[in-house]
Amino acid sequence: MSAAPLLEAHALTIETPGGRVLVRELDLCLARERVAVVGRNGVGKSTLLDVLAGRQDPVRGRVVRRGRHLLVPQDFGADDDAGPRSAASAGERQRRRLEVARDARPDLLLLDEPTRDLDAGNIAWLTDWLARWRNGLLIVSHDRRVLRAFDQFFVVAESGCRHVTGSFDDLLAELEREREDGQRRYRAGLTRLVAREQHHAALRRRRQRKKNLGRLRELKRCP
């Protein structure tokens, strides 16, 4: 019998404080997998991670967590035990947070933009141990150096969330195809709209010509 998932989301709906829907009716199931969450800025990736980790409540739906979960958020807060800020750089504090999280060996590790403030050397260090991580991993990142180490992606978008399997290049190719398909659909829709407008305009002109012709005939009948 397979082990129960580490994380489940059922009919999850997440909104901004202003009421804008970020995620609608999301169902998600995550075992000991390595998944990267991608999407444009402002689409709700960090908020989704906060809800899945229990830092924020969804508007609707529920989250089931099993095992030990650990979130390393973007913001430095009470979890920052790297010492006084004046004694270490932002990059040093970020590396320390990541080291603490790695050494805790949670069943599911959630990382929100872990390359923040890291230099190239520390990003190489991060990608190395992430590649060797064998527990569950859910990471939000925009850094291609990190994303190229993944073959499972969760795409967050206004049109909906979905799971994509394949290399990072496969993901980019699919997103480009979707963008081109979207542009083609937009152009086709615009063409149909213009055609309808032209058709309606032609009908109006024919009706107007008939009306003018009728008036002309009436005038001709006048003595």
Side-chain angles (χ1 to χ4, degrees), residues 7 9 12 14-17 20-24 26 28 30 33-53 55-56 69-77 79-80 82 89-102 106 108-133 135-183:
L7 181 68
L12 204 64
I14 303 171
E15 297 179 356
T16 66
R20 179 170 66 90
V21 176
L22 298 173
V23 174
R24 189 189 303 275
L26 172 67
L28 180 144
L30 185 68
E33 302 164 273
R34 294 162 28 86
V35 180
V37 180
V38 296
R40 70 168 184 79
N41 290 336
V43 80
K45 303 184 300 295
S46 295
T47 305
L48 173 61
L49 219 61
D50 281 346
V51 171
L52 294 177
R55 294 182 84 200
Q56 182 174 325
H69 292 198
L70 178 60
L71 168 67
V72 180
Q74 281 195 60
D75 55 302
F76 289 107
D79 63 326
D80 180 16
S89 68
E92 290 169 335
R93 293 197 304 273
Q94 178 70 347
R95 171 156 178 162
R96 178 57 184 157
R97 297 167 81 217
L98 294 169
E99 287 175 335
V100 170
R102 177 199 61 187
L108 178 62
L109 179 60
L110 302 97
L111 303 177
D112 191 1
E113 298 291 359
T115 59
R116 174 184 174 182
D117 297 320
L118 296 183
D119 58 22
N122 280 322
I123 290 175
W125 162 82
L126 172 67
T127 55
D128 177 66
W129 72 259
L130 287 181
R132 293 181 282 107
W133 183 260
N135 290 346
L137 175 63
L138 192 61
I139 179 173
V140 168
S141 181
H142 67 276
D143 194 303
R144 295 186 175 213
R145 291 165 291 185
V146 172
L147 295 175
R148 288 193 180 280
F150 287 80
D151 57 16
Q152 291 195 68
F153 302 92
F154 190 68
V155 182
V156 181
E158 290 89 344
S159 58
C161 303
R162 66 194 187 283
H163 177 252
V164 176
T165 301
S167 69
F168 180 61
D169 288 334
D170 292 336
L171 172 69
L172 292 179
E174 178 167 335
L175 294 177
E176 179 62 21
R177 283 193 300 271
E178 290 179 355
R179 185 182 69 83
E180 291 175 352
D181 288 344
Q183 289 178 341

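Quick note: residue numbers are just sequence positions, from 1. No experiment lies behind these values; they were computed from the predicted model shown.
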### Message
Could you check whether any side-chain N or O of Asn135 sits under 3.5 Å from a backbone N or O of Pro106, counting only pairs where one atom can act as donor and the other as acceptor?
### Response
yes
### Task
Report yes if the side chains of Glu99 and Trp129 come closer than 4.5 Å at any heavy-atom pair, otherwise no.
no
### Task
Could you walk me through whether Val155 and Leu171 pass the side chain to side chain contact (heavy atoms under 4.5 Å, CB included) test, one step at a time?
CA-CA 9 Å; Val155 182; Leu171 172 69; 3.9 Å; yes
#### Entry: Student check: side-chain heavy atoms of Leu71 and Asp50 closer than 4.5 Å
yes
### Message
Measuring from atom CD of Glu113 to atom CD of Gln94, what distance do you get when rounded to the nearest 0.5 angstrom?
### Response
10.0 Å
#### Entry: Side chain proximity check, Arg96 to Val100, heavy atoms < 4.5 angstrom
yes
### Task
Let me see the working for Leu49 and Leu138 under side chain to side chain contact (heavy atoms under 4.5 Å, CB included), right down to the final yes or no.
CA-CA 8 Å; Leu49 219 61; Leu138 192 61; 3.7 Å; yes
### Query
Any sub-3.5 Å donor-acceptor pair from Arg34's side-chain atoms to Trp133's backbone N or O?
no
### Query
Arg144 versus Leu172: any side-chain heavy-atom pair under 4.5 Å?
yes
### Task
Measure the spacing between CG of Leu108 and CG of Leu70 and express it to the nearest 0.5 Å.
9.0 Å
### Task
Flag yes if more than 12 heavy atoms outside Asp169 fall under 6.0 Å of its CG atom; otherwise flag no.
yes
### Message
Consider side-chain hydrogen bond (donor to acceptor under 3.5 Å, both in side chains). Of Asn122, Asp119, Asp117, which one does Arg95 pass it with?
### Response
Asn122
### Message
Just so I know, are the side chains of Leu26 and Leu48 near enough to count as touching, which here means a heavy-atom distance under 4.5 Å?
### Response
yes
### Message
Quick one: does any side-chain atom of Glu33 pair with a main-chain N or O of Leu30 as donor and acceptor, under 3.5 Å?
### Response
no
### Message
Angle between ring planes, Phe150 versus Phe153, binned at 30° and 60°: parallel, tilted or perpendicular?
### Response
tilted
### Task
Decide yes or no for Val72 and Pro114: does some side-chain heavy atom of the first lie under 4.5 Å from some side-chain heavy atom of the second?
no
#### Entry: Closest approach of Asp112 to Ser46 (non-hydrogen atoms, all atoms of both residues)
OD2-OG, 2.8 Å
#### Entry: Arg24 atom CZ: more than 12 heavy-atom contacts under 6.0 Å
no
### Message
Nearest 0.5 Å, please: how far is CG in Asp143 from CG in Leu118?
### Response
9.0 Å
### Steps toward side chain to side chain contact (heavy atoms under 4.5 Å, CB included) verdict (Leu111, Leu130)
CA-CA 11 Å; Leu111 303 177; Leu130 287 181; 3.8 Å; yes
#### Entry: NE2-CG distance between His163 and Leu28, expressed to the nearest 0.5 angstrom
9.0 Å
### Task
Kindly say whether Pro73 contributes a backbone atom to a donor-acceptor pair with the side chain of Arg97 at under 3.5 angstrom?
yes
### Task
For Asp128 and Trp125, indicate whether the former's side chain and the latter's backbone hold a donor-acceptor pair under 3.5 Å.
no
### Query
Hey, does the side chain of Lys45 reach the backbone of Gly39 with a donor-acceptor pair shorter than 3.5 angstrom?
yes
### Summary
All heavy atoms of Val38 vs all of Ser141, minimum pair found to be CG1-O, 4.1 Å
### Query
Atom OG1 in Thr127, atom CZ in Arg148: separation rounded to 0.5 Å?
12.5 Å
### Message
Are the side chains of Val140 and Val156 in contact, using a 4.5 Å heavy-atom criterion?
### Response
no
